[in-house]
Amino acid sequence: MHKNQAVSRGMFRFLLANVNTGSRSCWDVLMATKSGHWSQGLLAAMNDVTAVVDSDDKLVVIKDKYPKAKYHFLVMPRRKIPSLKHVTKTDLDLLRHMQKKGEEIAERANKELQFRFGYHAVPSMSHLHMHVISQDFNSPFLKTKKHWNSFTTQYFVDSHSVIKNVEETGQWSPDVQDADKLLKQNLRCHVCKKEFDTIPSLKVHIVLHDVTKPSHTKS
DNA sequence: GTTCTAGAAC
DNA sequence: GTTCTAGAAC
């Protein structure tokens with residue numbers, strides 16, 4: 001029997017009984033049963049052929065399941081590194097390789113758009129992952145203040161600044177003290193810095209900006 | 001990370 | 001009445 005079909009008849013009845021009755025969804029129950037957890041989802045994604053767009057012996061690149069821009073990828077090391085807190089100087093080559101691969105993926109996806117390459121200060125998902133995200137932020141999955149601020153405030157830590165930090169101090173020493181406050185900051189356009197009261201009004205505004213690269217850097 | 005939804009804000 | 005956000009999820 002395939003691993004994924006290994007749900008007992010009793011469990012199936014239990015799942016059915018909980019459809020629309022409990023506060024947890026079927027999927028939550030199933031995930032808990034299989035001792036998986038949403039925060040471990042990137043492990044599964046690494047082996048999902050529909051998600052993987054590139055890989056080599058050191059890393060895997062996947063499409064973000066809920067892209068917050070036209071192009072949004074995650075670059076992850078094959079070796080298990082839980083988070084930035086665990087990287088040391090011995091990981092510098094890996095970090096540089098991840099950034100270089102990210103830049104290649106971005107160029108391959110769209111040569112015109114600006115991209116950023118970096119890490120969330122306090123990521124929700126386990127397993128080190130570098131975001132490769134185009135700066136249009138034009139996506140139906142971008143819905144909350146937390147989404148917006150996680151990519152447009154200092155909560156988003158550029159890859160090159162992580163690398164520089166590890167080179168100089170041997171670790172990632174976060175200068176981001178209160179990450180929670182950054183996520184609750186007022187909504188501000190990442191291009192012109194204009195403030196907005198709601199996500200929908202901000203989303204209407206940002207599509208008006210040109211987020212293509214300056215012409216002299218276009219190939 | 002997302003989904004769901006109560007109740008605030010409009 | 002509708003839009004929008006924020007917090008629970010055992």
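Per chain, numbering begins at 1; letters A, B, ... match sequence-line order. Computed from a prediction, not measured in an experiment: that's the story for all the values here.
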| query | Of all the nucleotides listed (dT5(C), dA6(C), dT2(B)), which has the minimum atom distance to the side chain of Y66(A)? | reply | dT2(B)
| message | So if I take every side-chain heavy atom of T198(A) and compare against dT5(C), dG1(B), dA6(C), which nucleotide ends up nearest? | response | dT5(C)
In whole angstrom, give the distance that lies between atom [atom1] of [X] and atom [atom2] of [N].
{"X": "W38(A)", "N": "dT3(B)", "atom1": "CH2", "atom2": "P", "value": "13 Å"}
{"X": "L74(A)", "N": "dG1(B)", "atom1": "CG", "atom2": "C1'", "value": "11 Å"}
{"X": "H72(A)", "N": "dT2(B)", "atom1": "NE2", "atom2": "C1'", "value": "15 Å"}
{"X": "Y119(A)", "N": "dG1(B)", "atom1": "OH", "atom2": "P", "value": "15 Å"}
{"X": "N186(A)", "N": "dA6(C)", "atom1": "CG", "atom2": "P", "value": "10 Å"}
{"X": "L183(A)", "N": "dA6(C)", "atom1": "CG", "atom2": "P", "value": "12 Å"}
{"X": "I62(A)", "N": "dG1(B)", "atom1": "CD1", "atom2": "P", "value": "12 Å"}
{"X": "K143(A)", "N": "dC4(B)", "atom1": "NZ", "atom2": "P", "value": "9 Å"}

| query | Would you say the ring centroid of Y119(A) lies under 6.0 angstrom from that of W172(A)? | reply | no
| request: Using only side-chain N and O atoms of H147(A), determine if any of them is under 4.0 Å from OP1 or OP2 of dG1(B). | output: no
So [X], base contact, sugar-phosphate only, or nothing? Heavy-atom distance under 4.0 Å.
{"X": "H129(A)", "result": "nothing"}
{"X": "S39(A)", "result": "nothing"}
{"X": "P123(A)", "result": "nothing"}
{"X": "K68(A)", "result": "sugar-phosphate"}
{"X": "I199(A)", "result": "sugar-phosphate"}

| D197(A) atom CG, neighbour heavy-atom count above 12 within 6.0 Å | no
| With no hydrogens and no angle check, is any side-chain donor or acceptor of N47(A) less than 3.5 Å from a backbone partner on A44(A)? | no
| So, the side chain of H190(A) versus the backbone of R188(A): is there a donor-acceptor pair under 3.5 Å, distance only? | no
| query | Salt-bridged, D91(A) to R79(A), with N to O below 4.0 Å? | reply | yes
| remark: Parsed dot-bracket for DNA chain C after applying the Watson-Crick and G-U rules with both distances under 3.5 Å and | for other-strand partners is |||||||||.
| query | Using the ring of each side chain (for Trp, its six-membered ring), is H205(A) parallel, tilted or perpendicular to H209(A), with breaks at 30° and 60°? | reply | perpendicular
| Which atom names give the shortest non-hydrogen contact between T153(A) and Q185(A), and what distance separates them? | CG2-NE2, 3.5 Å
